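For reference, the structure is listed below as structure tokens.
Quantities reported herein were computed from a predicted structural model and do not represent experimental measurements. Within every chain, numbering begins at 1; the chains are lettered A, B, ... in the order of the sequence lines, protein sequences first and strands thereafter.
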Number of protein chains: 2
Amino acid sequence: MRDPANPVCRTISTLLQRIGDKWTVLVVSTLGEGPRRFNELRREIPSVSQRMLTLTLRNLERDGLVSRKVTPSIPPRVDYALTDLGCSLLKPVNALSQWALDNVEAIHRAHARFDTEQDKAEAA
Amino acid sequence: MRDPANPVCRTISTLLQRIGDKWTVLVVSTLGEGPRRFNELRREIPSVSQRMLTLTLRNLERDGLVSRKVTPSIPPRVDYALTDLGCSLLKPVNALSQWALDNVEAIHRAHARFDTEQDKAEAA
DNA sequence: CAGAATCCATCGCGATACTG
DNA sequence: CAGTATCGCGATGGATTCTG
């Protein structure tokens with residue numbers, strides 16, 4: 001059950017990695033507010049590069065979490081939106097974010113404690 | 001609020017990355033069943049290398065999620081366990097895993113659909 | 001506007017060998 | 001038993017340039 005060869009386990013692992021990658025959650029939570037065009041997303045997430053936004057959206061589309069609607073006009077228009085599946089992911093993701101928010105300070109205290117003990121250890 | 005320069009946002013991002021890395025969730029969920037020694041963890045997670053298990057545990061300890069109790073005997077004995085903070089993380093993480101379990105098939109269908117459409121596109 | 005393609009620095013991670 | 005140290009490959013991701 002904890003065996004990474006187990007296909008179910010691998011699927012979970014893959015999902016967690018996607019959640020953990022640099023831009024996915026940012027994009028998903030932005031789309032959680034409503035559909036966006038490509039450059040709208042870029043503006044709302046200023047630090048994402050064009051390349052990474054494209055890759056992130058492709059992965060999300062492949063997972064069935066985001067829909068991509070192309071309007072072949074000039075200039076072209078592409079609208080991204082969460083699918084129902086994508087929306088359903090919002091809840092557990094937000095729960096995790098909320099946990100992080102609730103425990104930011106505890107984590108920082110833990111870091112400080114750990115790091116000072118580390119310093120004492122190497123001073124010796 | 002969505003600005004990666006925002007320290008709170010960075011903390012969330014860091015946590016999500018930790019969740020997303022290859023071994024953290026496996027280790028945390030194993031420790032969720034009770035305290036374990038180093039090599040017990042290795043046996044229960046056969047594919048983890050010594051190095052990565054050490055690093056994963058160090059990070060978890062630094063975050064205050066896992067406690068490390070050394071018994072200086074010969075041979076030495078080290079017990080790892082979830083802290084209260086670590087336990088509290090279990091719930092949102094399990095929620096996410098459960099979501100993945102519930103939607104494994106939907107995701108696989110999405111992959112299949114996406115990939116065949118990809119093939120058609122490049123065939124043209 | 002919404003990308004695709006290319007180049008390149010960095011890093012995660014595994015394999016291996018050594019230690020108190 | 002529970003680590004640490006070193007090496008090296010492949011993947012990740014940023015910057016830049018080109019396109020329909």
Side-chain angles (χ1 to χ4, degrees), chain A residues 4-5 10 13-27 30-31 35-62 66-81 114 117-118 121-122 124, chain B residues 4-5 10 13-27 30-31 35-62 66-81 114 117-118 121-122 124:
Chain A
R10 300 206 29 162
S13 182
T14 303
L15 172 81
L16 291 176
Q17 292 212 199
R18 181 127 304 140
I19 298 298
D21 77 27
K22 214 171 174 183
W23 306 109
T24 295
V25 168
L26 241 36
V27 169
T30 302
L31 288 179
R36 298 290 144 100
R37 299 176 58 176
F38 189 82
N39 279 345
E40 287 177 346
L41 284 171
R42 285 197 71 183
R43 273 189 294 277
E44 295 195 55
I45 311 172
S47 50
V48 71
S49 70
Q50 194 179 44
R51 168 192 159 81
M52 290 316 296
L53 182 54
T54 300
L55 288 179
T56 302
L57 288 168
R58 284 294 173 283
N59 284 330
L60 289 172
E61 188 193 357
R62 181 165 186 270
V66 159
S67 67
R68 178 169 180 271
K69 192 177 66 184
V70 181
T71 307
S73 54
I74 296 178
R77 176 192 180 100
V78 180
D79 289 275
Y80 293 95
F114 185 91
E117 283 183 18
Q118 233 35 21
E122 41 179 88
Chain B
R10 300 206 29 161
S13 182
T14 303
L15 171 81
L16 291 176
Q17 292 213 198
R18 206 169 278 331
I19 298 298
D21 76 29
K22 213 170 174 183
W23 307 109
T24 295
V25 168
L26 241 36
V27 170
T30 302
L31 288 178
R36 298 290 144 99
R37 299 176 59 176
F38 188 83
N39 280 344
E40 288 177 346
L41 285 171
R42 285 196 73 183
R43 274 189 294 277
E44 296 196 55
I45 310 173
S47 50
V48 71
S49 69
Q50 196 178 40
R51 169 192 158 81
M52 288 316 295
L53 181 55
T54 301
L55 289 179
T56 303
L57 287 167
R58 284 292 173 284
N59 284 329
L60 288 172
E61 189 193 357
R62 181 165 187 270
V66 160
S67 67
R68 180 171 179 270
K69 192 176 66 186
V70 180
T71 307
S73 55
I74 295 178
R77 177 193 179 98
V78 181
D79 289 275
Y80 292 95
F114 186 90
E117 284 185 17
Q118 235 34 24
E122 31 180 279

- Query: Roughly how bent is the helix from C:dC1-D:dG20 to C:dG20-D:dC1 end to end, in steps of 10 degrees, with each end axis from five pairs?
  - Reply: 50°
Enumerate, atom names and distances included, each donor-acceptor pair closer than 3.5 Å involving a side-chain atom of residues 41-52 of chain A, sequence neighbours excluded.
residue : atom : partner : partner atom : Å
A:Glu44 : OE1  : A:Arg36 : NH1          : 2.9
A:Glu44 : OE2  : A:Arg36 : NH1          : 2.2
A:Ser49 : OG   : A:Met52 : N            : 3.2

- Query: Between B:Val78 and A:Leu55, which has a closest nucleotide on DNA chain D that is more 5'?
  - Reply: B:Val78
- Task: Name the first nucleotide and the last nucleotide along DNA chain D (5' to 3') that come under 4.0 Å of a heavy atom in chain A.
- Result: D:dG13 to D:dG20
- Expressed in angstrom and rounded to an integer, what is the separation of A:Arg77 atom CZ from C:dA2 atom P? 8 Å
- Note on the structure: One should read off an interatomic distance between A:Glu40 CD and A:Leu31 CG, to the nearest 0.5 angstrom, of 10.0 Å
- Separation of C:dG14 atom C1' from B:Arg42 atom CZ, nearest Å, is 12 Å
Pairs: protein N or O with nucleotides 4-11 of chain C N or O, under 3.5 Å:
residue : atom : partner : partner atom : Å
C:dA4   : N6   : A:Gln50 : OE1          : 3.0

- Pairs flagged by side chain to side chain donor-acceptor pair (under 3.5 Å) wherever residues 66-79 of chain B is involved - sequence neighbours left out: B:Arg68-B:Tyr80, B:Arg77-B:Asp79
- Can you tell me how far C1' of C:dA2 sits from NZ of A:Lys69, to the nearest Å? 16 Å
- Query: So which one's nearest nucleotide on DNA chain C is more toward 5', A:Gln17 or A:Tyr80?
  - Reply: A:Tyr80
Identify every side-chain donor-acceptor pair in residues 13-21 of chain B under 3.5 Å, counting partners at least two apart or on other chains, and give the distances.
residue : atom : partner : partner atom : Å
B:Thr14 : OG1  : B:Arg10 : O            : 2.8
B:Arg18 : NE   : B:Asp63 : OD2          : 2.4
B:Asp21 : OD1  : B:Trp23 : N            : 3.4
B:Asp21 : OD1  : B:Thr24 : N            : 3.1
B:Asp21 : OD1  : B:Thr24 : OG1          : 2.6
B:Asp21 : OD2  : B:Thr24 : OG1          : 3.1

- Query: How long is the span from the CZ atom in A:Arg58 to the CG atom in A:Leu53, to the nearest 0.5 Å?
  - Reply: 9.5 Å
